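Take a look at the structure below.
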Amino acid sequence: ATARWQSILVAVREPGQRKQVAVHKAARVAARTGARLTLFHAFSTPYPVPRALPMDSTGILRAVESERRHQLQAIARPL
């Protein structure tokens with residue numbers, strides 16, 4: 001008997017990129033196995049930075065986090 005996958009984590013290197021091959025492959029595997037698909041993106045320096053850039057470092061990180069979260073949600077929406 002094979003173990004059933006419960007969760008699949010996909011690292012998304014460039015969330016603003018249109019073509020997300022790894023995400024779509026993982027989504028197909030998740031659909032076949034019933035696993036939950038989680039998209040993950042990590043950044044150490046906020047480049048490129050959002051258009052409306054705050055002046056303090058905490059504000060910059062929050063703005064970048066918000067932008068990346070929206071990008072990941074846009075990727076996940078059609079899945």
Side-chain angles (χ1 to χ4, degrees):
T2 58
R4 205 177 141 156
W5 291 7
Q6 294 179 359
S7 182
I8 299 172
L9 177 68
V10 179
V12 179
R13 183 175 180 169
E14 298 288 338
Q17 202 171 43
R18 285 185 66 110
K19 200 170 187 179
Q20 298 289 340
V21 176
V23 172
H24 291 287
K25 286 182 180 180
R28 288 193 301 270
V29 171
R32 284 194 302 255
T33 62
R36 177 184 175 161
L37 181 63
T38 302
L39 304 181
F40 172 79
H41 173 72
F43 61 90
S44 57
T45 53
Y47 294 107
V49 294
R51 291 179 192 102
L53 189 62
M55 296 304 285
D56 63 298
S57 61
T58 301
I60 291 169
L61 291 175
R62 284 188 180 142
V64 172
E65 176 193 5
S66 176
E67 182 175 307
R68 298 303 186 268
R69 184 179 307 276
H70 283 93
Q71 290 171 325
L72 290 174
Q73 289 171 339
I75 293 168
R77 202 170 291 121
L79 302 176

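Nothing here was measured: the structure is a model prediction, and the numbers come from that model.
Within 6.0 Å of NE2 on His24 lie more than 12 heavy atoms contributed by other residues, nucleotides or ligands.
Residue Val23 is grouped with residue Val29 when hydrophobic side chains (ILVMFWY) are merged at heavy-atom distances under 4.5 angstrom, including chains of intermediate members. Clustering ILVMFWY residues whenever any of their side-chain heavy atoms sit less than 4.5 angstrom apart, transitively, puts Val10 in the very cluster that holds Leu79.
A distance of 8.0 Å separates CZ in Arg62 from CG in Asp56, rounded to the nearest 0.5 Å. Going from atom CD of Gln20 over to atom CD of Glu14 covers 8.5 Å, rounded to the nearest 0.5 Å. In this structure, CZ on Arg68 lies 13.5 Å from CD on Gln73, to the nearest 0.5 angstrom.
Across all their heavy atoms, Leu39 and Leu72 have their closest contact at CD1-O, 3.7 Å. Here the closest non-hydrogen pair linking Leu37 and Ala26 is CD1-CB, 3.7 Å. Annotation for Pro15 and Gln71: closest pair CG-OE1, 3.5 Å, computed over non-hydrogen atoms. Here the shortest heavy-atom pairing between Ala35 and Ser7 reads CB-N, 3.9 Å.
A donor-acceptor pair under 3.5 Å is absent between the side-chain atoms of Arg36 and the main chain of Gln6, judged by distance alone.
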